[in-house]
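Let me begin by presenting the structure, written as structure tokens, before commenting on it.
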Amino acid sequence: MTQPALECGVLCGDCRDLASVQRLLGGRKANLVITSPPYADRRTYDQSSGFQPISPEQYVAWFKDVQAVIAEVLAPDGSFVLNIKPHAEDGQRVLYVNDLVAAHVRQWGWRFVDEFCWRKTDDGVPGGWPNRFKNAWEPCYHFSRSDRIKFHPEAVGHWSEDCFDYSPLNPKSTSGSGLLGSGARGAAADRGAASYKGKLQGGSEQSSHSKNVGNEGRHAGVTRPSNVLEIKSESRQGSHAAPFPVALAEFFINAFTDKTDVVLDVFGGSGTTAIAALRNGRHGYCCEISPAYTDVIVRRVQEWSARQFYLDGWHQTFEQVLSGRRLEAEDAIKESCEELLAQRGK
């Protein structure tokens with residue numbers, strides 16, 4: 001189903017079907033794929049969809065076809081963000097998510113760009129286990145096919161009175177953690193190098209980078225965020241048990257895409273990604289195997305955008321499609337009643 005302006009499209013079908021996903025995108029490439037797939041066999045899903053929960057032992061093999069479609073439709077400079085957290089069983093974490101991340105790199109040729117920690121800021125997160133604490137965060141794994149991706153850190157930055165710049169004179173980590181600039185930073189590093197150079201030359205000098213900056217190389221400005229995202233989780237959306245928040249999708253959309261780019265969610269759920277894409281001037285597309293959740297996506301997007309969805313190839317509005325379903329259901333009930341009466345009459 002697509003909107004007339006192709007600002008948003010929803011496929012009710014299997015995201016492992018490459019031809020269907022390409023049809024959904026109209027031949028365009030996705031600049032960002034962000035999704036949260038089914039969490040192994042921990043949850044009950046819409047039985048009318050035909051989807052069978054995947055066991056942890058089979059999960060990597062099942063996901064192989066999913067990532068293959070994503071790799072095919074992703075733009076060369078695109079990003080793929082995967083939100084999934086392993087469950088615990090018998091008092092310990094199950095490792096299928098770790099296997100999945102490793103398979104992306106070692107079997108399927110993806111680059112593992114980064115790992116984000118989505119810290120849920122809700123105060124009332126449940127949890128009462130005998131040997132561990134409550135779940136208060138989930139990982140988001142960032143993959144790409146190329147070492148050159150779209151990246152706009154300033155779009156997700158925030159104002160700070162305590163910024164510093166990394167200096168080319170202090171480019172390496174000395175802490176063992178991989179953190180750059182663990183010594184003097186920015187202008188402070190410049191001044192240290194300039195001072196040392198001045199002493200060697202019998203004089204003193206100051207680099208241009210250090211002018212009008214504090215003694216520690218710190219200054220006011222827009223600073224980049226870290227890879228820890230503090231975002232409150234959202235309650236059920238259209239009876240969906242595990243939606244991720246719009247703000248989470250918006251962070252990745254703004255950081256890794258441009259205006260009018262294409263954003264795709266291959267496990268559409270309640271349509272959060274499509275809403276976030278449209279809110280930020282991007283085209284939003286979703287695949288969803290469940291007919292019930294497909295309806296949820298369409299309703300949410302229509303309510304938010306005040307625009308009408310049309311059934312692709314039939315030019316029927318969503319409301320007309322629903323009306324047709326009701327008539328079909330009423331006819332089926334009527335036919336069943338007539339058959340029952342006829343059998344009793346015999």
Side-chain angles (χ1 to χ4, degrees), residues 9 11 13-38 54 59-85 96-118 138-156 178 224-225 227 229 244 248-269 272-274 276-277 280-288:
L11 167 68
D14 195 329
C15 66
R16 296 173 297 172
D17 182 350
L18 175 60
S20 295
V21 176
Q22 289 176 326
R23 180 187 176 193
L24 169 69
L25 297 177
R28 302 171 69 182
K29 293 290 186 179
N31 305 96
L32 171 67
V33 176
I34 174 172
T35 197
S36 185
I54 311 301
Y59 202 91
V60 172
W62 170 75
F63 205 87
K64 180 180 179 180
D65 291 338
V66 177
Q67 65 79 34
V69 170
I70 294 172
E72 188 67 29
V73 302
L74 189 67
D77 58 357
S79 290
F80 167 36
V81 177
L82 181 66
N83 166 225
I84 184 170
K85 184 178 179 68
Y96 79 95
V97 172
N98 304 69
D99 295 335
L100 181 64
V101 173
H104 273 80
V105 177
R106 295 172 181 167
Q107 297 181 34
W108 305 326
W110 289 88
R111 293 174 59 86
F112 184 16
V113 181
D114 202 0
E115 180 180 13
F116 289 82
C117 169
W118 163 30
E138 291 190 17
C140 295
Y141 302 101
H142 180 192
F143 301 101
S144 73
R145 303 298 286 185
S146 167
D147 61 347
R148 295 181 179 272
I149 60 174
K150 291 186 177 182
F151 183 44
H152 305 299
E154 69 285 349
V156 288
R224 294 185 177 192
N227 59 0
L229 310 178
F244 55 66
L248 183 66
E250 286 184 326
F251 174 87
F252 294 111
I253 288 168
N254 288 315
F256 299 112
T257 68
D258 297 319
K259 292 286 187 181
T260 73
D261 274 354
V262 172
V263 179
L264 171 66
D265 189 341
V266 294
F267 297 98
T272 294
T273 297
N280 291 274
R282 278 75 166 171
H283 300 285
Y285 295 86
C286 291
C287 303
E288 177 50 56

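Keep in mind it's a predicted model, so treat the numbers as computed, not measured.
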Would you say [X] and [Y] make side-chain contact, with heavy atoms under 4.5 Å?
| X | Y | value |
| --- | --- | --- |
| Thr273 | Phe244 | yes |
| Ile54 | Pro38 | no |
| Leu229 | Phe252 | yes |
| Phe251 | Pro225 | yes |
| Val73 | Gln22 | yes |
| Val81 | Leu32 | yes |

What pair of heavy atoms forms the shortest contact from [X] to [Y], and how long is it?
| X | Y | result |
| --- | --- | --- |
| Phe112 | Tyr141 | CZ-CD2, 3.8 Å |
| Ile149 | Gly78 | CG2-O, 3.7 Å |
| Asn83 | Pro37 | O-CD, 3.5 Å |
| Pro139 | Ile84 | CG-O, 3.2 Å |
| Gly269 | Glu288 | N-OE1, 2.8 Å |
| Leu24 | Tyr285 | O-CE2, 3.4 Å |

Contacts under 3.5 angstrom, residues 65-72 side chains, donor-acceptor by atom type, not counting sequence neighbours:
residue : atom : partner : partner atom : Å
Gln67   : OE1  : Trp110  : NE1          : 2.8
Gln67   : NE2  : Lys64   : O            : 2.9

Report the distance from atom [atom1] of [X] to atom [atom2] of [Y], rounding to the nearest 0.5 Å.
| X | Y | atom1 | atom2 | result |
| --- | --- | --- | --- | --- |
| Leu25 | His283 | CG | NE2 | 11.5 Å |
| Ile34 | Ser79 | CD1 | OG | 10.5 Å |
| Arg282 | Lys259 | CZ | NZ | 5.0 Å |
| Ser36 | Phe267 | OG | CZ | 9.5 Å |
| Cys286 | Leu264 | SG | CG | 7.5 Å |
| Asn31 | Ile253 | CG | CD1 | 11.0 Å |

So Trp108 and Val60, side chain to side chain contact (heavy atoms under 4.5 Å, CB included) or not? Walk me through it. CA-CA 11 Å; Trp108 305 326; Val60 172; 3.9 Å; yes
Residues forming a side chain to side chain contact (heavy atoms under 4.5 Å, CB included) with [X], sequence neighbours excluded:
| X | result |
| --- | --- |
| Asn227 | Asp114, Phe116 |
| Phe151 | Pro153, Arg224, Phe256 |
| Ala102 | Arg106 |
| Ser146 | Arg148 |

Using the test side chain to side chain donor-acceptor pair (under 3.5 Å), find all partners of Asp77 that sit at least two apart in sequence or belong to another chain.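 None.
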Who are the side chain to side chain donor-acceptor pair (under 3.5 Å) partners of His104, not counting sequence neighbours?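 If we apply the side chain to side chain donor-acceptor pair (under 3.5 Å) test to His104, skipping adjacent residues, there are no hits.
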Identify, with sequence neighbours excluded, every residue that meets salt bridge (charged side-chain N to carboxylate O under 4.0 Å, His left out) alongside Asp14.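 Once residues adjacent in sequence are excluded, the partners of Asp14 under the salt bridge (charged side-chain N to carboxylate O under 4.0 Å, His left out) criterion are Arg16.
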Contacts of Asp261 that satisfy salt bridge (charged side-chain N to carboxylate O under 4.0 Å, His left out) - sequence neighbours left out: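 With neighbours one apart ignored, the set is Lys150.
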Should Leu248 and Cys140 be marked as a side chain to side chain contact (heavy atoms under 4.5 Å, CB included) after you check the CA-CA gap, both sets of side-chain angles, and the distance that decides it? CA-CA 10 Å; Leu248 183 66; Cys140 295; 4.2 Å; yes
Might you work through the side chain to side chain contact (heavy atoms under 4.5 Å, CB included) test for Thr257 and Asn280, ending with a clear yes or no? CA-CA 10 Å; Thr257 68; Asn280 291 274; over 6 Å; no
Does the side chain to side chain contact (heavy atoms under 4.5 Å, CB included) test come out yes or no for Val97 and Tyr59, once each step is laid out? CA-CA 9 Å; Val97 172; Tyr59 202 91; over 6 Å; no
